[in-house]
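Model, not experiment: these values are computed from the prediction. The chain is numbered in sequence order, starting from 1. Order of appearance sets the numbers: ligands from 1, and atoms from 1 within every ligand.
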Amino acid sequence: MIFAGSHILSVEQFSRADIEQIFAVADSMEPYALRKRVTRVLEGAILGNMFFEPSTRTRVSFGCAFNLLGGEVRETTGFKSSAIAKGESLYDTARVLSGYSDVICMRHPESGSVAEFASASRVPVVNGGDGANEHPSQALLDLYTIQKEVTAKRGSMDGLRIAMIGDLKHGRTVHSLSRLLALYDNIEVVLVSPEELAMPERYVDALRSAGHKVVISSELNHSISRVDIVYSTRIQEERFESKEAADVYRGRFRLNQSIYTEFCQPNTVIMHPLPRDSRSDANELDNDLNQNPNLAIFRQADNGVLVRMALFAMILDVVGQVEAHSREVNWYHRRNGM
Ligand code: NCD
């Protein structure tokens with residue numbers, strides 16, 4: 001695809017070659033993300049960061065990625081602080097805010113809302129999550145993490161085995177990730193969820209019709225015994241009618257160190273889009289995994305900055321200029337590694 005000036009709304013936009021291109025640009029962003037160098041390549045540019053659902057990582061890492069490229073960020077968070085609360089349409093909001101920004105990131109509780117907004121926007125729009133539908137930048141950073149954690153050891157993404165666990169019905173991260181994985185060869189996906197929260201059929205069909213193996217299970221321990229990646233997710237409480245309706249499923253699949261030791265292969269990588277629900281009745285990834293070197297969740301979150309920097313640099317067409325606008329940092333920094 002041509003990235004310059006494009007919206008990023010769905011992972012369906014990407015081919016394998018596009019993904020490789022994004023990942024190569026993401027790699028080149030490392031000196032800036034690690035604060036070894038600063039670049040001002042986006043000096044004067046403004047990101048409109050519009051988050052109408054709770055967000056920590058996605059909102060802040062989009063903002064930091066833009067800042068790290070030298071741009072400024074304007075945020076709107078929550079419906080209450082926006083004129084949408086006065087009945088303004090997505091169309092009008094998009095027409096107005098795209099006049100104030102060079103690129104917009106948007107998260108919204110309704111499926112399809114970000115695409116609707118983008119169709120009225122005068123600048124590129126990046127989908128930061130639209131309801132239970134898609135979360136393309138998360139899927140890219142997940143795949144980038146998988147590539148760094150696993151394929152460096154095994155050579156390629158092809159033949160990867162991954163267990164996706166939890167609320168696969170409402171989890172937009174697993175929806176987008178499964179579509180990206182379908183672009184590779186010979187993937188095995190083990191889908192572990194309560195029956196009522198199963199992965200929607202269209203995603204399962206897409207994997208199977210691309211020749212991949214899909215195993216469906218509602219039992220954790222044996223589902224994680226033959227995989228390279230365990231990708232755990234949170235029960236998406238906000239998509240249920242009530243907290244009580246979500247409570248029924250909370251805590252159904254808990255991974256802790258003793259289960260890991262007993263059932264996983266020694267190098268199985270543990271991922272989660274975060275936030276992990278650490279309340280005692282949920283606790284899908286126990287804190288006793290924090291010392292496990294294969295717990296990749298914080299490296300995964302760090303990788304989000306690299307991937308989002310890459311997307312901005314490609315959408316605003318400055319990839320070739322990043323270095324020319326860079327210099328060493330002035331300050332002492334003691335951050336080691338990503
Ligand atoms: C996810 C989301 O918002 O879909 N979080 C994120 O962006 N990293 C997953 C979740 O909220 O459970």
- Query: If you group Ile, Leu, Val, Met, Phe, Trp and Tyr by side-chain heavy-atom gaps below 4.5 Å, do Tyr91 and Val114 land in one group?
  - Reply: no
- Shortest protein heavy-atom distance from atom 11 (O) of ligand 1, along with the residue and atom involved: Arg234 NH2, 2.9 Å
- Query: To which protein heavy atom is atom 3 (O) of ligand 1 closest, and what is the distance rounded to 0.1 Å?
  - Reply: Arg172 NH2, 2.9 Å
- Query: Non-hydrogen atoms of Pro273 versus ligand 1: any pair closer than 4.0 Å?
  - Reply: yes
- Task: Test the Arg308-Phe62 pair against the cation-pi criterion, namely NZ or CZ under 6.0 angstrom from the six-membered ring centroid and within 45° of the ring axis.
- Result: yes
- Query: Would you say the side chains of Tyr144 and Asp27 form a donor-acceptor pair under 3.5 Å?
  - Reply: yes
- Message: Is Thr58 close enough to touch ligand 1? Criterion: a residue heavy atom under 4.0 Å from a ligand atom.
- Response: yes
- Would you say Glu238 has any N or O atom under 3.5 Å from an N or O of ligand 1, going by distance alone? no
- Task: Please determine if Arg234 and Asp277 form a salt bridge, counting it only when a charged side-chain N lies under 4.0 Å from a carboxylate O.
- Result: no
- Query: Atoms of ligand 1 less than 4.0 Å from Gln138 heavy atoms?
  - Reply: 6 (C), 7 (O), 8 (N)
- Query: Under a 4.0 Å N-O cut-off, is there an ion pair linking Glu53 with Arg172?
  - Reply: yes
- Mind checking whether Leu274 contacts ligand 1 via backbone (N, CA, C, O), side chain (CB onward), both or neither, at a 4.0 Å heavy-atom cut-off? backbone
- Message: For Arg107, which part has a heavy atom under 4.0 Å from ligand 1: side chain, backbone, both, or neither?
- Response: side chain
- Task: Using distance alone, with no hydrogens and no angle criterion, decide if Gln257 and Asn292 have a side-chain donor and acceptor under 3.5 Å apart.
- Result: yes
- With heavy atoms of His135 as the reference, note each atom of ligand 1 found under 4.0 Å away. 2 (C), 4 (O), 6 (C), 7 (O)
- Note on the structure: Checking heavy-atom distances from atom 12 (O) of ligand 1 to each of Glu237, Arg57, Gln236, the winner is Gln236
- Among the heavy atoms of Pro275, does any lie under 4.0 Å from an atom of ligand 1? yes
- Message: Ignoring hydrogens and geometry beyond distance, is a side-chain donor-acceptor pair present between Thr151 and Ser156 at under 3.5 Å?
- Response: no
- Does a salt bridge link Glu30 with Lys36, judged by any charged N lying under 4.0 Å from a carboxylate O? no
